[in-house]
Amino acid sequence: MAKFLVSYTWIQGAGQGRERDHTMIRCFAPVRSVHAFHNHTIRFVTPKLTANSSSSSLLSTRREALTVSIVTTTLEILISSFSASSSAAAAAAAELLELPNSGGVKALDLRLGRGPVPVDGDQVAIHYYGRLAAKQGWRFDSTYDHKDQSGEPIPFLFILGSGKVIPGIEAAVRSMKVGGICRVVIPPSQGYQNTSQEPIPPNFFDRQRLFTTIFNPTRLANGEGSTLGTLIFDIELVSLRH
């Protein structure tokens with residue numbers, strides 16, 4: 001249940017024969033997801049009164065009525081704000097879901113495609129960013145860096161189900177529609193098992209760093225194999241051809 005701290009201040013001032021009354025409401029609403037506070041200040045100014053018609057009893061009655069009304073309204077605003085913040089936090093914390101029969105590959109749709117779904121035997125074209133979890137998300141390859149003579153990025157082509165590509169990418173592509181983008185976390189068992197599996201970074205130094213990390217014999221002997229080869233790919237399914 002959300003808790004709100006509400007405080008108000010009554011300020012009375014006079015100037016040029018007229019009195020002006022201010023009521024300032026300051027409310028604080030905690031947001032659990034970020035451990036911070038929403039600070040809302042609402043200022044209301046009552047209508048001007050002539051010096052002859054104003055009285056302490058009238059001002060007191062008006063102040064009490066206005067205070068109750070403002071507190072009620074402010075709480076309604078803050079509750080709506082709290083609900084909206086909670087919904088946004090829940091959306092931001094959306095979890096990756098494990099793909100069926102994928103060996104533990106988890107995926108999150110970043111953009112849903114509207115085209116056909118590929119099947120084994122189709123030639124598919126994808127763009128991707130490939131990152132290595134063991135190196136704090138180091139990006140070891142990206143098709144957007146592979147340019148043709150006109151400067152356009154060259155997509156990666158392969159035959160779905162051929163076995164030439166790491167299984168985690170194939171599992172992800174099977175779950176997508178053309179035009180879609182998804183983020184996948186690929187466990188070592190569905191990632192690189194040898195240095196000939198595609199996609200292979202074209203840059204020699206990137207390739208060397210990738211494979212010496214994944215297949216590091218000392219760290220594998222220390223039981224770190226479950227984390228060394230974890231991959232993160234952002235994949236866009238550009239097109240397919242039957």
Asker: Under 4.5 Å side-chain heavy-atom separation, chaining through any Ile, Leu, Val, Met, Phe, Trp or Tyr, what else clusters with Leu228? Say none if it is isolated.
Answerer: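 Its cluster mates, by chain and number, are Leu220.
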Asker: Filter on ring pair (Phe, Tyr, Trp, His ring centres under 6.0 Å), then keep only pairs touching residues 161-204, sequence neighbours left out; what's left?
Answerer: Tyr192-Phe211
Asker: Does the side chain of Asp141 come under 3.5 Å of the side chain of Tyr128 through a donor N or O and an acceptor N or O?
Answerer: yes
Asker: Going by heavy atoms in the side chains, are Leu231 and Phe140 under 4.5 Å from each other?
Answerer: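 They are in contact (side-chain heavy atoms under 4.5 Å apart), so the answer is yes.
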Asker: From Lys177 NZ over to Leu240 CG, what is the distance, rounded to the nearest 0.5 angstrom?
Answerer: 12.5 Å
Asker: For the residue pair Ala172 and Leu99, what are the closest heavy atoms and their distance?
Answerer: CA-CD1, 3.9 Å
Asker: With heavy-atom distances below 4.5 Å as the criterion, would you say the side chains of Ile235 and Met176 are in contact?
Answerer: yes
Asker: Do you reckon Tyr129 sits in the same ILVMFWY cluster as Leu210, going by side-chain contacts under 4.5 Å, direct or chained?
Answerer: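 No; Leu210 is not reachable from Tyr129 via cluster members.
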Asker: State plainly whether one hydrophobic cluster holds both Trp138 and Phe215, where clusters connect Ile, Leu, Val, Met, Phe, Trp and Tyr through side-chain heavy atoms under 4.5 angstrom apart.
Answerer: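 Hydrophobic grouping puts Trp138 with Phe215.
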Asker: Side chains of Arg174 and Leu160, heavy atoms from C-beta outward: is any pair under 4.5 Å?
Answerer: yes
Asker: Between His127 and Asp234, does any side-chain donor sit less than 3.5 Å from a side-chain acceptor?
Answerer: no
Asker: Is a side-chain N or O of Asn194 found less than 3.5 angstrom from the main chain of Ser196, in a donor-acceptor match?
Answerer: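 Between the backbone of Ser196 and the side chain of Asn194 there is a qualifying donor-acceptor contact (under 3.5 Å).
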Asker: Which pairs with one or both residues in residues 194-213 pass salt bridge (charged side-chain N to carboxylate O under 4.0 Å, His left out), sequence neighbours excluded?
Answerer: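 For residues 194-213: none.
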Asker: Starting at NZ of Lys164, measure out to CD of Gln197 and round the result to the nearest 0.5 Å.
Answerer: 12.5 Å
Asker: If you draw a 6.0 Å radius around CG in Asn101, do more than 12 non-hydrogen atoms from other residues or ligands fall strictly inside?
Answerer: no
Asker: Hey, are the side chains of Val105 and Val185 touching, using non-hydrogen atoms and a 4.5 Å cut-off?
Answerer: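 Of all side-chain heavy-atom pairs linking Val185 with Val105, none is under 4.5 Å.
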Asker: Is any side-chain N of the basic residue among Arg139 and Asp145 closer than 4.0 Å to the acidic one's carboxylate O?
Answerer: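 Between Asp145 and Arg139 there is a salt bridge, with a charged N closer than 4.0 Å to a carboxylate O.
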Asker: Can Val178 be reached from Val117 by stepping across I, L, V, M, F, W or Y side chains whose heavy atoms are under 4.5 Å apart?
Answerer: no
Asker: Do you know which two heavy atoms are closest between Ser162 and Ile159, and how far apart they sit?
Answerer: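 Nearest heavy atoms, Ser162 then Ile159: OG-O, 2.9 Å.
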Asker: Kindly indicate whether the side chain of Val184, heavy atoms from C-beta on, has any atom under 4.5 Å from the side chain of Ile232.
Answerer: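 No - every pair of side-chain heavy atoms lies 4.5 Å or more apart.
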Asker: Same hydrophobic cluster for Ile200 and Phe156, using side-chain heavy-atom links shorter than 4.5 Å among ILVMFWY?
Answerer: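 Different clusters: Ile200 never reaches Phe156 through Ile, Leu, Val, Met, Phe, Trp or Tyr contacts under 4.5 Å.
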Asker: Search all heavy atoms of Leu96 against all heavy atoms of Leu108 and return the closest pair with its distance.
Answerer: CG-CB, 3.8 Å
Asker: Any idea which heavy atoms bring Ser226 and Pro188 closest together, and the distance?
Answerer: O-CG, 3.5 Å
Asker: For the residue pair Arg131 and Gln136, establish whether any side-chain heavy-atom pair is separated by less than 4.5 Å.
Answerer: no
Asker: Can you check whether Leu237 reaches Pro118 side chain to side chain, under 4.5 Å on heavy atoms?
Answerer: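 The answer is yes; the side chains approach within 4.5 Å.
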Asker: CD1/Ile126 to OG/Ser239 distance, rounded to the nearest 0.5 angstrom?
Answerer: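 Rounded to the nearest 0.5 Å, the CD1-OG separation comes out at 10.5 Å.
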Asker: Counting only N and O atoms by type, is there a donor-acceptor contact under 3.5 Å from the side chain of Asn216 to the main-chain atoms of Thr218?
Answerer: yes
Asker: How close do Gly191 and Ile186 get, heavy atom to heavy atom, and via which atoms?
Answerer: N-CG2, 3.8 Å
Asker: Do you see a donor-acceptor pair shorter than 3.5 Å between the side chains of Tyr144 and Glu236?
Answerer: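 Looking only at side-chain atoms, Glu236 and Tyr144 do form a donor-acceptor pair, the distance falling under 3.5 Å.
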Asker: Output yes when a side-chain donor or acceptor of Asp122 lies under 3.5 Å from a complementary backbone atom of Val124, and no otherwise.
Answerer: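 Flag not set: sc Asp122 to bb Val124 has no pair under 3.5 Å.
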Asker: Is there side-chain contact between Pro187 and Lys106, with heavy atoms separated by less than 4.5 Å?
Answerer: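 In short, these two side chains do not touch, never coming nearer than 4.5 Å.
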Asker: Going hydrophobic residue to hydrophobic residue with side-chain gaps under 4.5 angstrom, can you get from Val173 over to Leu157?
Answerer: no
Asker: Spell out, as yes or no, whether a donor-acceptor pair under 3.5 Å connects the side chain of Glu170 to the backbone of Ile166.
Answerer: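 Answer holds: no.
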